[in-house]
Amino acid sequence: MEFHRFLFYASIILSISVYLFPIMANSMGINYGQIADNLPSPEDVVPIVKSIGATKVKLYDADPKVLKAFANTSVEFIVGLGNEYLDKMRDPAKAQAWVKQNVQSHLPATKITCIFVGNEVLTFNDTSLSNSLLPAMQSVHTALVNLGLDKQVTVTTAHSLSILETSYPPSSGAFREDLVDCLSETLSFHQKTGSPFLINAYPFFAYKGNPKQVQLDFVLFQPNQGVIDPATNLHYDNMLYAQIDAVYNALASLGYKKLPVHISETGWPSKGDEDEVGATPDNAKKYNGNLIKLMSKKTGTPMRPNSDLNIYVFALFNENMKPGPTSERNYGLFKPDGTPAYSLGISSTSNVAGSNTTTGETNGKPLSPIPTPPSTPTSSSTGYLSISPATQGRYEFVGTVLLASLILTKMLLW
């Protein structure tokens, strides 16, 4: 792509950004993946990030070109250490060398606030990775302490929702029993260092797996009757918030009720294969547009209405070199030439689910209770496709029962 052509498109984006994104969240985050051979230069990405009002960016590495391009922009960065580095990062000397080169060298010009070590490690069923995760996190944190950076940069890791064993209803959310010991040690680390718990959540896969049973409006934040958690009487009118509250409950069950939860990835593809039902520009527009509108309200979930959600939308660009189904290459808000993949067309407040989040009534009428689900999934369609947009571009099917598929396939049997 020619540079002048890109500048032309970038100027258009900046001039119409108010139309495309009329209401922006003050703390909107965006995932900036780079598994592609046709993306604009990092310098040319800066105005695109600004055009959508994003104030936070999550990288899957610590690309120096990107970090330098965003110097003095006040955009906050989460940088990543890929799974392939975990074993090396167990060595404190190597961890400190990495932090000096990839973090300290960019501060304070570029505002790096967090390092996530590993992506969805615990659901790869690889003991060498899972055994290296916490030691790597500890070494990186120690390096930050030694360099006097631990007060401004935290250390965490990103998890798939498949770490949940129980997810129905949200109030009964619990982690997989085989992961409890490992997670407990990691959660203790989070509590001691003040770092957030990161979760990647994709309601798209619930709809893809069960389009006849999953209510589309519920996953797209569109107006709908919603469901009630019978244990708490909390009303849920969108799946993402129910997923988040299931995680809150899982954390509380292990004694970490106050640990902050950040949604490190969520999004909807604008294109997919024939069997990827729901992957359309219109659905992507509704999901991301309505999500951003909800973020602008600065309200939390029914269980934590006053908590800042800190959501990172996936993703900035379509990435043409990602492996897997067609959807993997079409999560971007933008095409590689800098033009929008679709207009977000953000709805008005009255048309976005989430306005009434805690009561058990709609227009003064009680909502139907949630039907009791079967104790086990009936087929492998309840599996969760775990996107791993890190450098290695891996993806996998995880057969664990997740809220993403349970909450609607087993609850919305109207």
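The residues of the chain are indexed from 1 along the displayed sequence.
- Side chain of Glu319 to main chain of Gln34: a donor-acceptor pair is present (N/O by atom type, distance under 3.5 Å, no hydrogens or angles).
- Of the N and O atoms on the side chains of Asn119 and Asn83, not one donor lies less than 3.5 Å from an acceptor on the other residue.
- Scanning all heavy atoms of the two residues, the minimum distance from Asp217 to Asn224 falls at O-ND2, 3.7 Å.
- The closest side-chain heavy-atom distance from Glu328 to Pro325 is below 4.5 Å.
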Exercise for the section: Evaluate the criterion side chain to side chain contact (heavy atoms under 4.5 Å, CB included) for residue pair Leu291 and Phe221; output intermediate values, then yes/no. Expected result: CA-CA 7 Å; Leu291 172 63; Phe221 307 97; 3.9 Å; yes
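- Closest approach of Leu164 to Ala246, counting heavy atoms only: CD1-CB, 4.2 Å.
- Thr339 contributes no side-chain N or O that, together with a main-chain N or O of Lys335, makes up a donor-acceptor pair within less than 3.5 Å.
- The backbone N or O of Thr326 lies less than 3.5 Å from a partner atom in the side chain of Asp273, making a donor-acceptor pair.
- What you find for Leu39 and Pro336 is that their closest heavy atoms are CD2-CB, 4.3 Å.
- Here the closest non-hydrogen pair linking Ala95 and Val140 is CB-N, 4.0 Å.
- Between the side chains of Asp282 and Tyr342, not a single donor N or O lies within less than 3.5 Å of an accepting N or O.
- Considering Asp245, Leu234, Asp229 as possible partners of Pro169, the one that fulfils the side-chain contact (heavy atoms from CB on, under 4.5 Å) test is Asp229.
- Residues Gln222 and Leu216 have side chains not in contact (no heavy-atom distance under 4.5 Å, counting atoms from C-beta outward).
- In plain terms, the two heavy atoms of Phe204 and Gly267 that are nearest each other are CB-O, 4.4 Å.
- The side-chain heavy atoms of Trp98 and Val103, taken from C-beta on, include a pair separated by under 4.5 Å.
- Note: Asn102 CG to Asp63 CG = 10.0 Å, rounded to the nearest 0.5 Å.
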Practice task
Go through the steps to decide whether Ile244 and Leu240 satisfy the test side chain to side chain contact (heavy atoms under 4.5 Å, CB included), and finish with yes or no.
Solution key: CA-CA 6 Å; Ile244 296 170; Leu240 182 65; 4.1 Å; yes
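- A distance below 6.0 Å separates the ring centres of Phe77 and Phe70.
- Every residue meeting the side chain to side chain contact (heavy atoms under 4.5 Å, CB included) condition with Glu76, not counting sequence neighbours, appears here in chain and number order: Lys56, Lys111, Thr113.
- Within a 6.0 Å sphere centred on CD of Gln152, heavy atoms belonging to other residues, nucleotides or ligands number more than 12.
- Residues Asn283 and Leu220 have side chains in contact (heavy-atom distance under 4.5 Å, counting atoms from C-beta outward).
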Problem - Candidate pair Val49 and Thr73, rule side chain to side chain contact (heavy atoms under 4.5 Å, CB included), full reasoning - result: CA-CA 11 Å; Val49 170; Thr73 62; over 6 Å; no
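- The structure places CD1 of Ile311 at 10.5 Å from NE2 of His262, a figure rounded to the nearest 0.5 Å.
- With sequence neighbours left out, the side chain to side chain contact (heavy atoms under 4.5 Å, CB included) criterion links Ser264 to Lys58, Ala158, Leu198, Asn200.
- Between the Asn330 side chain and the Pro269 main chain, no donor and acceptor come within less than 3.5 Å of each other.
- Side chain of Asn249 to main chain of Pro170: a donor-acceptor pair is present (N/O by atom type, distance under 3.5 Å, no hydrogens or angles).
- Judged by distance alone, the side chain of Asp61 and the main-chain N or O of Gly82 form no donor-acceptor pair under 3.5 Å.
- Here the OG-NE2 distance, from Ser195 to His141, works out to 8.5 Å after rounding to the nearest 0.5 Å.
- Aromatic ring centroids of Tyr331 and Tyr202 lie under 6.0 Å apart.
- The backbone N or O of Ala250 lies less than 3.5 Å from a partner atom in the side chain of Ser253, making a donor-acceptor pair.
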Practice task
Would you check, one step at a time, whether the test side chain to side chain contact (heavy atoms under 4.5 Å, CB included) holds for Arg329 with Asn318?
Solution key: CA-CA 5 Å; Arg329 295 175 287 282; Asn318 288 334; 6.0 Å; no
Handout entry: Worked verdict on Asp178 versus Arg176 for salt bridge (charged side-chain N to carboxylate O under 4.0 Å, His left out)
Key = CA-CA 5 Å; Asp178 62 311; Arg176 281 169 41 184; 2.6 Å; yes
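- The local environment of CZ in Phe175 is crowded, with over 12 non-hydrogen atoms from other residues, nucleotides or ligands closer than 6.0 Å.
- Nearest heavy atom pair, residue Val219 against residue Trp268, reads CG2-CH2, 3.8 Å.
- Here the straight-line distance linking atom OG of Ser130 with atom CG of Leu179 works out to 8.5 Å at 0.5 Å rounding.
- In this structure, the side chains of Thr266 and Tyr287 come closer than 4.5 Å at one or more pairs of heavy atoms.
- How far OG of Ser160 is from CZ of Phe124: 9.0 Å, rounded to the nearest 0.5 Å.
- The salt bridge (Lys or Arg N to Asp or Glu O under 4.0 Å) contacts involving residues 190-201 comprise nothing, where partners must be two or more places apart or lie in separate chains.
- The closest donor-acceptor contact from the side chain of Ser139 to the backbone of Arg90 lies under 3.5 Å.
- Looking at Thr157, its side chain does come within 3.5 Å of a backbone N or O of Val117 through a donor-acceptor pair.
- Looking at Thr154 and Pro196, their side chains come closer than 4.5 Å, going by heavy atoms from C-beta outward.
- When side chains are defined from C-beta on, Asn238 does not count as touching Asn290, because their heavy atoms never get closer than 4.5 Å.
- Here the CZ atom belonging to Phe205 is positioned 5.5 Å from the OG atom belonging to Ser327, to the nearest 0.5 angstrom.
- At a threshold of 4.5 Å between non-hydrogen side-chain atoms, the residues Thr301 and Tyr236 do not count as touching.
- Proximity of a side-chain donor or acceptor of Ser307 to a complementary backbone N or O of Gly300 within less than 3.5 Å is not detected.
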